[in-house]
Amino acid sequence: MAKIAFIGLGVMGYPMAGHLKAKGGHDVTVYNRTAAKAESWVKQHGGRSAATPADAARDADFVFTCVGNDDDLRSVTIGPDGVLAGMKAGAVLIDNTTASAEVARELYEAAKARGCDFIDAPVSGGQAGAENGVLTVMCGGDEAVFERTRPVIDAYARMVGLMGPAGAGQLTKMVNQICIAGLVQGLAEGIHFGKKAGLDIEKVIEVISKGAAGSWQMENRYKTMNQGKYDFGFAVDWMRKDLDIVLSEARRNGAALPVTALVDQFYGEVQKLGGKRWDTSSLLARLEK
């Protein structure tokens, strides 16, 4: 059993911290900007809550963060109340936020300067993956630190991999989001075309999902898309945040991402339709408006 601090109890962090307590059997202290959320977690899972990130991290062997963006991440890690101010030498900071590779490298250096270690570990699998403890975790950092950390991460994951040095986990998550954006747009257009052609979408998907067109998106989202229901996971606002990170990185490294840039604009149109909190499969709603 390890002593763990978990910072950020949103739709992902709340169940992930729960798995570390229940499945991992660890001693978990939580912090959330809205204290009532932390109190609710403690009431459900046990453990304790802390008044600041630094207090939560004090004496912890592993400190997890799962917040909104680069600025949120810096606010809970750096400064007098940040986790790095409370972490003991030799402890590991694991960041599950989807953030930039730049901030991952920044935190790696900041942790090392304090005698600690850092792993960037963004996740894929959405809210359902977090709740069921079957997330895919893409890590960046030192191999020896990763090997020490992996058994702890396993409590909420079905796949954990080291992608390279600090920042490589975030870069891999960017690849993940690039692929998802194109897949969802293709699925939306296919369903839209099928409807316009007068086809039975249920029958169409039953057949094509068993061939080369098949994907996780098709298997898990086509029914709700066909019904015009978009309340099943990762929100459009969050996807646009992620795609902004992707496109910013592409401008730095020279990658050409014409489809990703176009789909990002399409998600902007979905937001204007009132779909900021719809899930990412709502690209179909834009075609059917």
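Numbering of residues begins at 1 and proceeds along the displayed sequence.
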Is the closest side-chain donor-acceptor distance between Tyr156 and Asn96 under 3.5 Å?
-> yes
Transitively linked via ILVMFWY side-chain contacts under 4.5 Å: Leu183 with Leu287?
-> no
Correct closest heavy-atom pair for His26 and Val152 would be NE2-CG1, 4.0 Å
Arg240 to Tyr267 six-membered ring, cation-pi geometry met (6.0 Å, 45°) = no
Take Tyr222 and Glu202 through the test side chain to side chain donor-acceptor pair (under 3.5 Å) and record every step on the way to the result.
-> CA-CA 9 Å; Tyr222 90 89; Glu202 292 279 342; 2.9 Å; yes
Go through the steps to decide whether Gln265 and Glu269 satisfy the test side chain to side chain donor-acceptor pair (under 3.5 Å), and finish with yes or no.
-> CA-CA 7 Å; Gln265 294 177 34; Glu269 294 180 25; over 6 Å; no
Any chance you could measure Met239, atom CE, to Gln177, atom CD, to the nearest 0.5 Å?
-> 4.5 Å
Nearest-0.5 Å distance, NZ of residue Lys173 to CG of residue Asp120 | 12.0 Å
Could you tell me the separation between the OG1 atom of Thr149 and the CZ atom of Phe62, rounded to the nearest 0.5 Å?
-> 5.0 Å
Would the number of heavy atoms belonging to other residues, nucleotides or ligands and lying under 6.0 Å from CZ of Arg33 be above 12?
-> no
Decide whether Met12 and Phe232 are clustered together by the hydrophobic rule: side chain heavy atoms of Ile, Leu, Val, Met, Phe, Trp, Tyr closer than 4.5 Å, transitively.
-> no
Does a side-chain heavy-atom distance below 4.5 Å link Val263 with Leu283?
-> yes
Taking side chain as C-beta onward, heavy atoms only, is Leu171 less than 4.5 Å from Met163?
-> no
Under 6.0 Å from the NZ atom of Lys23, do we count more than 12 heavy atoms belonging to anything else shown?
-> yes
Checking side chain to side chain donor-acceptor pair (under 3.5 Å) for the pair Thr224/Arg221: CA distance, chi angles, key distance, verdict?
-> CA-CA 6 Å; Thr224 51; Arg221 291 290 178 264; 5.3 Å; no
Does any N or O in the side chain of Ser40 come within less than 3.5 Å of the main-chain N or O of Ala36, such that one atom is a donor and the other an acceptor?
-> no
Measure the CE-CG distance between Met225 and Leu284 for me, rounded to the nearest 0.5 Å.
-> 5.0 Å
Lys112, NZ atom: more than 12 neighbouring heavy atoms under 6.0 Å = yes
Using the side chain to side chain donor-acceptor pair (under 3.5 Å) rule, pick out the option among Thr172, Thr136, Asn176 that qualifies with Ser124.
-> Asn176
Counting heavy atoms not belonging to Glu206, are there more than 12 under 6.0 Å from its CD?
-> no
Can a donor-acceptor pair be found between the side chains of Glu131 and Tyr14 at a distance below 3.5 Å?
-> no
Closest approach of Lys195 and Asn226, non-hydrogen atoms and distance?
-> CE-OD1, 2.8 Å
Going by an N to O cut-off under 4.0 Å, is there a salt bridge joining Glu147 and Arg150?
-> no
In the single-linkage hydrophobic clustering (I, L, V, M, F, W, Y; side-chain heavy atoms under 4.5 Å), do Val42 and Tyr31 co-cluster?
-> no
State, with a plain yes or no, whether a side-chain heavy atom of Lys223 is found less than 4.5 Å away from one of Ile205.
-> no
Does Arg114 reach the main-chain N or O of Leu84 with its side chain, forming a donor-acceptor pair under 3.5 Å?
-> yes
So, do Thr98 and Lys241 sit near enough that their side-chain heavy atoms are less than 4.5 Å apart?
-> yes
Note: Asp279 and Val236 closest approach over all heavy atoms is O-CG2, 3.7 Å
Closest approach of Cys116 to Met87 (non-hydrogen atoms, all atoms of both residues) = SG-CB, 3.9 Å
Dump the intermediate steps for side chain to side chain contact (heavy atoms under 4.5 Å, CB included) on Asp70 and Glu102, then the final yes or no.
-> CA-CA 9 Å; Asp70 285 19; Glu102 179 183 8; 5.5 Å; no
How far apart are the C-alpha atoms of Met218 and Ile208, what are their side-chain angles, what is the distance that settles it, and do they pass the side chain to side chain contact (heavy atoms under 4.5 Å, CB included) test?
-> CA-CA 9 Å; Met218 182 177 288; Ile208 70 170; 3.7 Å; yes
Counting only heavy atoms not in Lys276, do more than 12 fall under 6.0 Å of its NZ?
-> no
Distance, nearest 0.5 Å, that separates CD of Gln127 from CG of Leu135 = 11.0 Å
For the residue pair Val145 and Val92, establish whether any side-chain heavy-atom pair is separated by less than 4.5 Å.
-> yes
Answer yes or no: is there a side-chain heavy-atom contact under 4.5 Å between Asp242 and Met174?
-> no
Step through the shown structure and confirm whether more than 12 heavy atoms of other residues, nucleotides or ligands are within 6.0 Å of CD on Glu143.
-> no
Output yes when a side-chain donor or acceptor of His19 lies under 3.5 Å from a complementary backbone atom of Ala130, and no otherwise.
-> yes
Under a 4.5 Å cut-off applied to non-hydrogen side-chain atoms, are Thr77 and Thr65 in contact?
-> yes
Are the side chain of Ser75 and the backbone N or O of Asp72 linked by a donor-acceptor pair below 3.5 Å?
-> yes
Flag the pair Arg148 and Asp142 as a salt bridge only when some basic side-chain nitrogen lies within less than 4.0 angstrom of an acidic carboxylate oxygen.
-> no
How far apart are the closest heavy atoms of Leu257 and Ala250, and which atoms are they?
-> CD1-CB, 3.5 Å
Heavy atoms of Lys21 and Gly47 approach each other most closely as CE-N, 3.7 Å
dist Asp264:CG -> Ile178:CD1 (nearest 0.5 Å) comes out at 11.5 Å
Is the NZ atom of Lys196 crowded by more than 12 outside heavy atoms at less than 6.0 Å?
-> no
Step by step, work out the side chain to side chain contact (heavy atoms under 4.5 Å, CB included) result for Gln170 and Ser100.
-> CA-CA 6 Å; Gln170 295 295 354; Ser100 68; over 6 Å; no
Look at atom CZ of Arg158 and say whether more than 12 heavy atoms of other residues, nucleotides or ligands are closer to it than 6.0 Å.
-> no
Hydrophobic cluster membership, Val259 vs Leu187, 4.5 Å side-chain cutoff = yes
List the steps and the verdict of side chain to side chain contact (heavy atoms under 4.5 Å, CB included) for Ile4 and Val63.
-> CA-CA 6 Å; Ile4 288 176; Val63 179; over 6 Å; no
Report yes or no: do Val67 and Ile94 belong to one cluster of Ile/Leu/Val/Met/Phe/Trp/Tyr joined by side chain heavy-atom distances under 4.5 Å?
-> no
Report yes if some heavy atom in the side chain of Ile119 is under 4.5 Å from a heavy atom in the side chain of Leu93; otherwise report no.
-> no
